[in-house]
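Here is the structure we will look at.
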Amino acid sequence: MNALAQFSTPAIDVTPEGSDYETVRRVIEMITLDYRDQPSLETIAAEIGQSPTQLQKLFTRWAGLSPKAFLQAVTIDHAKRLLGTEGLPLLETSYEVGLSGPGRLHDLFVTHEAMSPGEWKAKGGGLMIRYGFHPSPFGLALVMATDRGLSGLAFADEGREREALDDMTRRWPNATYVEDKAATEPYVGRVFDRSKWLCDRPLRVVLIGTDFQMRVWQSLLKIPYGKAVTYSDVANDIGQPSASRAVGAAVGANPISFVVPCHRAVAKNGALTGYHWGLTRKRAMLGWETGGA
DNA sequence: TTTAATTGTAGTC
DNA sequence: GACTACAATTAAA
């Protein structure tokens, strides 16, 4: 229970970046939710308690786009464009990776190892997972790592750290969890700093899930930066065209969000559908990538 | 816009 | 094992 108390303490201003996202999140929420009666920047600023100019600046610094441009970047039209051009690159690319091995997957150089639940249960029963909370451009990030590589990445709103932790530990109940910020910290820098994406040393991740989920995730890893695919595209890619619904479920179960670019999967009509850690965050990621590209 | 068809998971019995 | 509810869907009426 002591640990609990520690988590529930709302960390108000962990870092500048952390609180920035909180502000940005609210802005995105407002302009996307009430797109019908498009609140002006002034209205939003007033609501949040900041001056319009200040807000404008903050937002642009964060996303690389003005709020207006950002809004446009997450519209259906834009998503459609990401989908449409260049035919079907996803389907062309063949798997050059077996179950495990290095690969140039999207723009992050990632090596992934697959582990089935059975394997996990047998071998991973006593496995230790180190975790830690770190600030990220999308709020507080919960990072989990085994000695073989990154195994989980989740997000938490401020004060909700406990929820995220529960959500992740529930997936692999047999593991031992130890808080160890020092061990997880390096991953954060690597993942959220785009300048470090191209690097000679691959990022090592460990995928834990069923066979089907693994195929889905590997498929997602092939989506290039700034592109998007539909759930049925993925379903096609793994050879089960009618399983789009199941693909959705598998995508949602992805334990390493962001690294596995689940935010690049959209519905067929271009709309952004659900997201485990909040639709707003999905929009934020997509917009963020658009801005930096 | 509502509806029916669909598939892999996880939980229950 | 079988059965059921559920999920980031989709195509069709």
Side-chain angles (χ1 to χ4, degrees), chain A residues 25 28-29 32-33 35-36 73-80 82-84 88 90-91 99 106 114-122 124-125 138-139 141-142 151-157 163-164 166-175 207-224 226-290:
Chain A
R25 186 184 66 76
I28 298 175
E29 215 164 50
T32 51
L33 243 50
Y35 68 97
R36 226 163 301 244
V74 294
T75 55
I76 293 185
D77 280 348
H78 185 260
K80 273 184 180 161
L82 292 183
L83 286 171
L88 299 169
L90 184 63
L91 303 180
L99 259 197
H106 67 288
M115 212 184 273
S116 70
E119 224 178 333
W120 169 260
K121 204 169 184 183
F138 306 104
L142 169 58
S151 66
L153 176 57
F155 294 98
D157 288 323
E163 273 176 38
D166 279 346
D167 186 58
M168 293 306 279
T169 54
R170 212 177 307 124
R171 298 174 190 228
W172 314 302
N174 284 331
L207 261 30
I208 303 165
T210 66
D211 184 59
F212 180 80
Q213 288 169 337
M214 226 79 88
R215 297 210 308 277
V216 171
W217 298 338
Q218 287 177 355
S219 200
L220 286 179
L221 282 171
K222 294 190 299 190
I223 308 174
K227 274 273 185 55
V229 296
T230 67
Y231 294 102
S232 62
D233 280 342
V234 176
N236 263 310
D237 190 51
I238 62 176
Q240 299 179 44
S242 57
S244 55
R245 188 81 190 268
V247 166
V251 173
N254 150 43
I256 318 182
S257 66
F258 193 71
V259 174
V260 175
C262 47
H263 50 285
R264 293 184 194 150
V266 300
K268 193 135 198 181
N269 63 7
L272 260 55
T273 36
Y275 185 64
H276 189 83
W277 283 285
L279 204 48
T280 303
R281 210 183 304 265
K282 185 172 181 176
R283 289 201 188 90
M285 289 177 177
L286 222 42
W288 186 71
E289 289 198 347
T290 306

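Throughout, a chain's letter reflects where its sequence line sits, starting with A, and its residues are numbered from 1.
Residue pairs meeting the side-chain hydrogen bond (donor to acceptor under 3.5 Å, both in side chains) criterion with at least one member in residues 238-253 of chain A, sequence neighbours excluded, do not occur.
With no hydrogens or angles considered, a side-chain donor-acceptor pair links A:D167 and A:H276 at under 3.5 Å.
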Residues 267-274 of chain A side chain polar contacts: donor-acceptor under 3.5 Å, at least two apart:
from, atom 1, to, atom 2, distance (Å)
A:K268, NZ, A:S232, OG, 3.4
A:N269, OD1, A:A271, N, 2.9

Check against side chain to side chain contact (heavy atoms under 4.5 Å, CB included), A:L142 and A:M168: CA-CA 9 Å; A:L142 169 58; A:M168 293 306 279; 3.9 Å; yes
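With sequence neighbours left out, A:R281 forms a salt bridge (Lys or Arg N to Asp or Glu O under 4.0 Å) with A:D157. Qualifying salt bridge (Lys or Arg N to Asp or Glu O under 4.0 Å) partners for A:D77, counting only residues two or more places apart in sequence or in other chains: none. For A:T210, the side-chain contact (heavy atoms from CB on, under 4.5 Å) partners two or more places apart in sequence, or in a different chain, are A:P117, A:F212, A:Q213. For A:R283, the salt bridge (Lys or Arg N to Asp or Glu O under 4.0 Å) criterion is met by no residue, not counting sequence neighbours. For the side-chain contact (heavy atoms from CB on, under 4.5 Å) test, residues two or more places apart in sequence or in another chain that qualify with A:A265 are A:L220, A:Y231. Not counting sequence neighbours, the partners of A:A284 by the side-chain contact (heavy atoms from CB on, under 4.5 Å) test are A:Y21, A:I28, A:W62, A:F138.
Nucleotides of DNA chain B that come within less than 4.0 Å of any heavy atom of chain A span, from the 5' end to the 3' end, B:dA5 to B:dT9. Mapping heavy-atom proximity under 4.0 Å, the span of DNA chain C touched by chain A runs 5' to 3' from C:dA7 to C:dA11.
Looking at heavy-atom distances under 4.0 Å, A:Y275 makes contact with a base.
In this structure, the side chain of A:D237 does not engage the main chain of A:V234 through any donor-acceptor pair within 3.5 Å.
The stretch residues 245-254 of chain A touches DNA chain C through A:R245, A:G248, A:A249, A:V251, A:G252, each having a heavy atom within less than 4.0 Å of the strand.
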For DNA chain C, produce a single dot-bracket line, 5' to 3'. Pairs: Watson-Crick or G-U wobble, both distances under 3.5 Å. Symbols: ( ) within strand, [ ] crossing, | other strand, . unpaired. |||||||.|||||
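Atom name P, nucleotides C:dA8 and B:dA5: the rounded distance is 22 Å, in whole Å.
By the 30° and 60° cut-offs, the orientation of the rings of A:F258 relative to A:F155 is perpendicular.
By the 4.0 Å N-to-carboxylate-O rule, A:R215 lies close enough to A:D211 to be salt-bridged with it.
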